[in-house]
Amino acid sequence: MIQMSNSQMIDFLVKMYENSTEAIFFLDQEGKILALNPTAREIVDDRLLESLQQGNPSMLCTFCRGYTNDQNEMTCFDCHIQNAEDDFSSFQVYLETKNKGTVPYAASYHPIDEEKSTYVFMLRDLTTQFKTQEDLYKNKLMKQTIEAQENERKRISRELHDSVVQELISMLVDLRLTKYMDDPAEVQKQTQQMEGTLNRLVEDVRNLSVVLRPASLDDLGLEAAFRSHFKWVEKNYGLDVNFSSTLNNRRYRQDIETAVYRIGQEAILNAIKYAETFQVSVLLTELEGYIEMYVRDEGIGFNKEKPDVKGSGIGLSGMEERAELVGGTISIDTEVGKGTTVYLSIPVKRSQS
């Protein structure tokens with residue numbers, strides 16, 4: 001064990017205090033600043049610092065923008081400094097600094113001398129860590145987005161090959177055969193068959209274009225796009241979608257409308273694939289500045305703690321990512337034998353157009 005004299009220990013502590021990249025404040029029980037290191041002086045405005053040194057603890061609030069708890073990113077509710085009896089050995093706080101604007105810090109606040117009621121308030125700048133996390137998240141999201149795009153392109157490619165291309169090849173063969181037909185009745189019959197094939201091709205291409213991007217979503221909004229899509233679902237899959245909405249044709253930002261529509265599509269597709277049900281209810285509404293969507297089926301449900309993942313497993317994560325991109329959240333309420341509810345909530349500011 002390394003032995004150190006008191007003078008050496010004091011020398012090390014003083015150097016750490018003076019040279020630390022963390023901002024260090026020593027406070028009394030009333031919040032008056034007893035001492036602060038050079039890093040702390042760099043982040044606090046001189047006039048504010050003077051007020052703090054005079055013992056005005058409420059002045060902390062003038063440059064504090066709130067701390068982070070499990071409900072809010074920035075809040076003043078149950079302020080850490082004003083509730084010193086709780087465990088505040090580590091928390092996140094946002095401060096308005098002198099030269100860097102609002103900066104996130106990892107903070108700690110705890111007593112160092114119980115008898116004299118002396119506290120230390122320490123701040124470590126999290127800007128670099130946040131930037132690293134943000135870049136990592138963006139890279140991860142980009143990879144998942146590219147993977148989703150490639151999967152969608154593969155699916156479209158298969159549909160084009162298996163339906164449109166095969167039908168076109170069949171028509172080409174039929175068209176060549178007509179050159180060798182002498183009987184007008186046979187030519188007419190062959191022409192009618194080709195006309196039927198063309199009609200099917202038109203329908204296939206129309207359905208594919210709707211899946212890629214429905215014109216009604218851009219022109220008329222969410223309600224019209226969903227009604228059109230649910231009719232198509234009922235026709236092609238036999239699933240009865242009970243759709244209700246209180247939006248009254250209100251419009252939103254394009255990215256929000258796209259996110260809601262795609263998440264609704266995916267939730268319905270999951271019900272078709274896995275819920276083993278013939279009926280789904282969809283509610284679309286706006287409440288207190290949030291657009292909300294409920295997709296409810298009475299199917300077989302699943303165990304959220306130990307889900308039996310079917311298919312690719314990227315459907316739910318894809319919905320969550322779409323919601324996050326527009327500041328929203330997704331939650332799943334399900335139980336084996338009792339169906340599944342997908343709940344979407346997105347903060348909105350409606351389009352003025």
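Values below: all heavy atoms of this structure, side chains included; hydrogens, waters and symmetry mates excluded. Owing to the predicted nature of the structure, the values given are computational and were not obtained by experimental measurement. Throughout, residue positions are numbered sequentially from 1 according to the sequence presented.
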- Message: Give me the atom names and distance for the closest heavy-atom approach of Tyr105 to Leu126.
- Response: C-CD1, 3.6 Å
- Is there a path of hydrophobic side-chain contacts, each under 4.5 Å between heavy atoms of I, L, V, M, F, W or Y residues, that connects Val326 with Ile263? yes
- Task: Go through Glu286 and Leu247 one step at a time and tell me if the side-chain contact (heavy atoms from CB on, under 4.5 Å) criterion holds.
- Result: CA-CA 6 Å; Glu286 183 187 329; Leu247 298 186; 4.0 Å; yes
- Message: Do Thr329 and Tyr290 have side chains that approach each other closer than 4.5 Å (heavy atoms only, starting at C-beta)?
- Response: no
- Is Val44 linked to Val103 within one hydrophobic cluster, defined over Ile, Leu, Val, Met, Phe, Trp and Tyr using a side-chain heavy-atom separation of less than 4.5 Å? yes
- Message: For Glu195, I'd like to know if atom CD has over 12 heavy atoms of other residues, nucleotides or ligands within 6.0 Å.
- Response: no
- So how far is it from Glu257 CD to Ile291 CD1, rounded to the nearest 0.5 Å? 7.5 Å
- Message: Is it true that, when you exclude Phe130 itself, more than 12 heavy atoms of the residues, nucleotides or ligands shown sit nearer than 6.0 Å to its CZ?
- Response: yes
- Message: Out of the candidates Leu123, Thr102, Ile43, only one should pair with Thr97 under the side-chain contact (heavy atoms from CB on, under 4.5 Å) rule; please name it.
- Response: Ile43
- Given side-chain contact (heavy atoms from CB on, under 4.5 Å), test Thr197 with Ser170 step by step and report yes or no. CA-CA 9 Å; Thr197 301; Ser170 177; 5.5 Å; no
- Count the heavy atoms belonging to other residues, nucleotides or ligands that lie under 6.0 Å from CG of Asp219, then report whether that count exceeds 12. yes
- Message: Could you check whether Glu266 pairs with Arg262 (Lys NZ or Arg NE/NH1/NH2 to Asp/Glu carboxylate O, under 4.0 Å)?
- Response: no
- Side-chain donor-acceptor pair present, Gln190, Thr178, cut-off under 3.5 Å: no
- Query: Between atom CZ of Arg253 and atom CD1 of Ile346, what is the distance when rounded to the nearest 0.5 Å?
  - Reply: 9.0 Å
- Side-chain donor or acceptor of Glu223 paired with backbone N/O of Asn249 under 3.5 Å: yes
- Spacing of CZ belonging to Arg124 relative to OG1 belonging to Thr39, to within rounding of 0.5 Å: 13.5 Å
- Parallel under 30°, tilted from 30 to 60°, perpendicular over 60°: which one fits the rings of Tyr343 and Tyr294? tilted
- Message: If I compare all heavy atoms of Ala271 with all of Val280, which pair ends up nearest, and what's the gap?
- Response: CB-CG2, 3.8 Å
- Item | Cluster overlap Leu201 with Ile169, hydrophobic side-chain contacts below 4.5 Å | no
- Task: Tell me who clusters with Met181, hydrophobic residues only, linked when side chains sit under 4.5 Å apart either directly or through other members.
- Result: Val173, Leu177, Val187
- Expected output: side-chain Asn37 to main-chain Tyr17 donor-acceptor under 3.5 Å: yes
- Task: Name the orientation class of the two ring planes belonging to Tyr109 and Phe121 (parallel below 30°, tilted from 30 to 60°, perpendicular beyond 60°).
- Result: perpendicular
- Would Phe230 and Leu220 show up in the same hydrophobic cluster when neighbours are defined by side-chain heavy atoms closer than 4.5 Å? no
- Query: Which of these, Leu284, Leu283, Ile330, sits in a side-chain contact (heavy atoms from CB on, under 4.5 Å) with Met293?
  - Reply: Leu284
- Between atom OG of Ser117 and atom CG of Leu27, what is the distance when rounded to the nearest 0.5 Å? 12.0 Å
- Query: Taking the six-membered ring for Trp, are His229 and Tyr261 parallel (under 30°), tilted (30 to 60°) or perpendicular (over 60°)?
  - Reply: perpendicular
- Query: Does a donor on one side chain sit under 3.5 Å from an acceptor on the other, for Thr285 and Thr246?
  - Reply: yes
- Query: Looking at Ile272, Leu239, Val282, Thr340, which hits side-chain contact (heavy atoms from CB on, under 4.5 Å) with Asp297?
  - Reply: Thr340
- Query: How close do Ala323 and Leu344 get, heavy atom to heavy atom, and via which atoms?
  - Reply: CB-CD1, 3.9 Å
- Is there side-chain contact between Lys100 and Thr127, with heavy atoms separated by less than 4.5 Å? no
- Check against side-chain contact (heavy atoms from CB on, under 4.5 Å), Gln265 and Leu269: CA-CA 6 Å; Gln265 268 188 319; Leu269 184 60; over 6 Å; no
- Task: Could you give me the CA-CA distance, side-chain angles and deciding distance for Arg41 and Leu36, then say whether side-chain contact (heavy atoms from CB on, under 4.5 Å) is met?
- Result: CA-CA 7 Å; Arg41 292 179 181 275; Leu36 71 167; 3.7 Å; yes
- Between Asp11 and Ser7, is there a donor-acceptor pair closer than 3.5 Å when you use the side chain of the first and the backbone of the second? no
- Message: Return the CG to CG distance between Leu217 and Leu222, rounded to the nearest 0.5 Å.
- Response: 6.0 Å
- Please report the closest heavy-atom contact between Arg251 and Asp218, naming both atoms and the distance. NH2-O, 3.3 Å
- Task: Please report the shortest heavy-atom distance between Gly327 and Pro347, naming the atom on each side.
- Result: O-CD, 3.2 Å
- Message: Could you see if Tyr237 belongs to whatever hydrophobic cluster contains Val295? Use Ile, Leu, Val, Met, Phe, Trp, Tyr and a side-chain cutoff under 4.5 Å.
- Response: yes
- Heavy-atom nearest pair, Ala107 first then Val93, reads CB-CG1, 3.8 Å
- Message: With rounding to the nearest 0.5 angstrom, report the NE2 to CE distance, His110 to Met122.
- Response: 6.5 Å
